[in-house]
Amino acid sequence: MEEQKENRPQGAHNEAVVPAHSPGKQRCRLDGEENNGQHCTSSTSDYSDPVYKEIAVTNGYINRMSRNELRAKLAEFKLETRGVKDVLKKRLKNYYKKQKLMQKEPANGDSYYDYICVIDFEATCEEDNQSEFTHEIIEFPIVLLNTHTLEIEDTFQQYVKPEINPQLSNFCINLTGITQDHVDKADAFPQVLQNVVDWMRQRELGTKYSYTILTDGSWDMSKFLNIQCRISQIKYPSFAKKWINIRKSYGNFYKVPRNQTKLTVMLEKLGMNYHGRPHSGLDDSKNIARIAIRMLQDGCELRVNERIHGGQLMSVSSSAPVEGAPAPQMPRFRN
């Protein structure tokens with residue numbers, strides 16, 4: 001529900017080129033994301049290596065290229081040529097950087113996670129959305145993105161019957177395309193969540209394959225799921241306590257202000273059109289997955305950057321150890 005979500009401030013950015021992975025050192029971010037006061041360990045020798053000087057010189061050259069020159073060079077390397085100038089510069093810089101580092105040492109080809117589960121809930125809403133209105137999840141979609149093939153491998157989607165406001169507003173129906181009949185025939189949230197857990201287990205997420213969740217903003221997990229679990233009197237599911245907020249990742253990687261990180265704007269800046277019906281949870285999730293694929297292709301290392309603790313939204317430092325989400329389990333009911 002993009003219209004219902006907040007825009008959280010982006011971190012400070014810098015253009016420094018740093019080693020992708022120094023042996024024996026802590027892994028550093030390559031997209032300029034803040035470390036919340038914690039800094040990656042490095043030594044002067046990391047930056048004095050000639051390969052990084054070459055990368056810095058190349059970055060300066062790329063910064064002076066026109067959009068047509070950037071597109072021509074990208075086409076020469078058979079890379080995607082769509083996107084605004086800043087996106088094209090970032091894409092070309094990462095291509096050169098990857099090539100230079102591969103010459104220095106073989107790439108291990110590892111990804112942080114085998115799979116990314118893209119989730120974009122739809123929830124009950126009213127046109128004025130008064131502060132006392134309780135949002136209930138009415139659509140639970142998941143798009144399963146394989147980070148190795150960079151393809152959408154599978155999808156899950158179920159509607160949910162709301163309890164507090166069972167009658168959808170006309171505004172909600174028109175916005176989401178979800179009808180009263182859809183939710184009347186749907187299961188209550190606990191059953192839908194059990195179906196989600198079963199679906200994830202069948203795909204061996206958290207056991208055979210590492211995975212994490214990715215959302216468009218903070219609200220899907222920190223607000224909508226948090227509120228829904230309280231309504232349904234179940235504990236917050238452990239597998240959803242950490243996630244990738246793609247708005248933060250996009251803003252930090254491409255170095256753009258927060259007003260350029262809405263779903264439709266991100267697609268536009270990357271040279272893509274929205275596919276499907278806006279505010280359909282499943283269609284939104286598919287389009288968010290397309291952005292994630294393009295970011296991975298451009299060299300972004302998508303990793304968890306937010307979590308919920310004690311019901312409160314918190315940032316995850318980019319220097320924190322990378323851990324996949326635990327194997328999904330159905331949470332217990334509250335006493």
Side-chain angles (χ1 to χ4, degrees), residues 10-11 13-21 27-33 52 55-56 58-63 65-102 107-113 115-116 118 143 145-152 212 214 216 244-258 260-275 286-305 318 322:
Q10 301 295 333
H13 314 301
N14 62 72
E15 290 284 351
V17 178
V18 297
H21 192 189
R27 192 180 184 96
C28 298
R29 286 307 298 266
L30 298 178
D31 59 10
E33 185 174 0
Y52 301 115
I55 291 172
T58 302
N59 285 348
Y61 175 73
I62 292 172
N63 285 334
M65 295 173 71
S66 67
R67 187 169 186 269
N68 286 339
E69 288 172 332
L70 290 165
R71 293 186 65 193
K73 186 58 69 174
L74 288 165
E76 181 183 327
F77 296 130
K78 296 182 171 55
L79 299 173
E80 177 60 60
T81 59
R82 290 178 295 176
V84 296
K85 186 176 180 180
D86 286 344
V87 166
L88 301 183
K89 285 197 295 185
K90 187 70 174 181
R91 186 172 299 148
L92 190 56
K93 286 179 182 179
N94 275 281
Y95 174 79
Y96 273 114
K97 179 164 57 181
K98 183 177 180 180
Q99 296 303 309
K100 291 292 184 184
L101 294 177
M102 284 176 64
N108 57 22
D110 289 341
S111 297
Y112 284 137
Y113 319 99
Y115 287 96
I116 292 175
V118 182
V143 170
L145 169 60
N146 185 320
T147 63
H148 302 293
T149 64
L150 297 183
E151 293 180 349
I152 293 174
T212 193
L214 182 148
D216 175 32
I244 299 168
N245 176 349
I246 198 170
R247 294 193 185 196
K248 280 187 175 180
S249 300
Y250 179 96
N252 286 323
F253 184 67
Y254 295 115
K255 298 178 174 57
V256 298
R258 62 178 180 172
Q260 292 184 20
T261 61
K262 290 184 178 180
L263 175 55
T264 52
V265 176
M266 288 190 288
L267 286 167
E268 178 188 348
K269 296 296 183 182
L270 292 172
M272 297 189 287
N273 296 319
Y274 186 97
H275 291 171
K286 288 179 179 178
N287 282 280
I288 296 164
R290 292 171 62 217
I291 294 170
I293 290 170
R294 180 60 55 78
M295 291 176 68
L296 290 168
Q297 289 172 334
D298 283 352
C300 179
E301 294 182 327
L302 289 171
R303 57 169 288 172
V304 163
N305 53 22
S318 59
V322 176

**OP:** Using the side-chain contact (heavy atoms from CB on, under 4.5 Å) rule, take Y115 and N146 through it: C-alpha gap first, then chi angles, then the decisive distance, then the call.
**Re:** CA-CA 5 Å; Y115 287 96; N146 185 320; 3.6 Å; yes
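- In this structure, the separation between CG on D216 and CD1 on I244 is 13.0 Å, given to the nearest 0.5 Å.
- Judged as a side chain to side chain contact (heavy atoms under 4.5 Å, CB included), and not counting sequence neighbours, the contacts of Q260 are V256, P257, V265, K269.
- The CD1 atom of I288 sits 7.0 Å away from atom CE of M266, with the distance rounded to the nearest 0.5 Å.
- Applying the side chain to side chain donor-acceptor pair (under 3.5 Å) criterion to R290, with sequence neighbours excluded, gives N287.
- Between L267 and L263, the closest side-chain pair of non-hydrogen atoms falls below 4.5 Å.
- Applying the side chain to side chain donor-acceptor pair (under 3.5 Å) criterion to R67, with sequence neighbours excluded, gives no partner residue.
- Between atom CG of residue N305 and atom CG of residue N245 there is a gap of 5.5 Å, rounded to the nearest 0.5 Å.
- Remark: K262 NZ to R247 CZ distance equals 7.5 Å, nearest 0.5 Å.
- The two residues A75 and T81 come nearest to each other via the heavy atoms N-CG2, 3.8 Å.
- With V87 as the fixed residue, the side-chain contact (heavy atoms from CB on, under 4.5 Å) test singles out one of K90, K85, K89, R91: R91.
- Nearest heavy atoms, V143 versus A289: CG1-CB, 3.8 Å.
- Atom-to-atom distance recorded for Y254:OH and C300:SG is 7.0 Å, nearest 0.5 angstrom.
- In this structure, CG in N59 is found 9.0 Å from CG in L92, a value given to the nearest 0.5 Å.
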Original post:
Given K248 and T261, is the side-chain contact (heavy atoms from CB on, under 4.5 Å) satisfied, shown in steps?
Top reply: CA-CA 8 Å; K248 280 187 175 180; T261 61; over 6 Å; no
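- The side chain to side chain contact (heavy atoms under 4.5 Å, CB included) test applied to A292 returns L145, L214, I246, L302, not counting sequence neighbours.
- Every ring-ring contact (aromatic ring centres under 6.0 Å, His included) that F77 has, sequence neighbours left out, goes to Y95, Y96.
- Partners of Y274 by side chain to side chain donor-acceptor pair (under 3.5 Å), not counting sequence neighbours, listed by chain and number: D284.
- Formation of a donor-acceptor pair under 3.5 Å by the K97 side chain with backbone atoms of I55 is not found in this model.
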**OP:** Start with the C-alpha distance between Y112 and V304, add both sets of side-chain angles, then the distance that settles side-chain contact (heavy atoms from CB on, under 4.5 Å), and finish with yes or no.
**Re:** CA-CA 9 Å; Y112 284 137; V304 163; over 6 Å; no
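- The shortest distance between side-chain heavy atoms of D298 and F253 falls below 4.5 Å.
- In summary, R82 and E80 engage in a salt bridge, as defined by a charged side-chain N under 4.0 Å from a carboxylate O.
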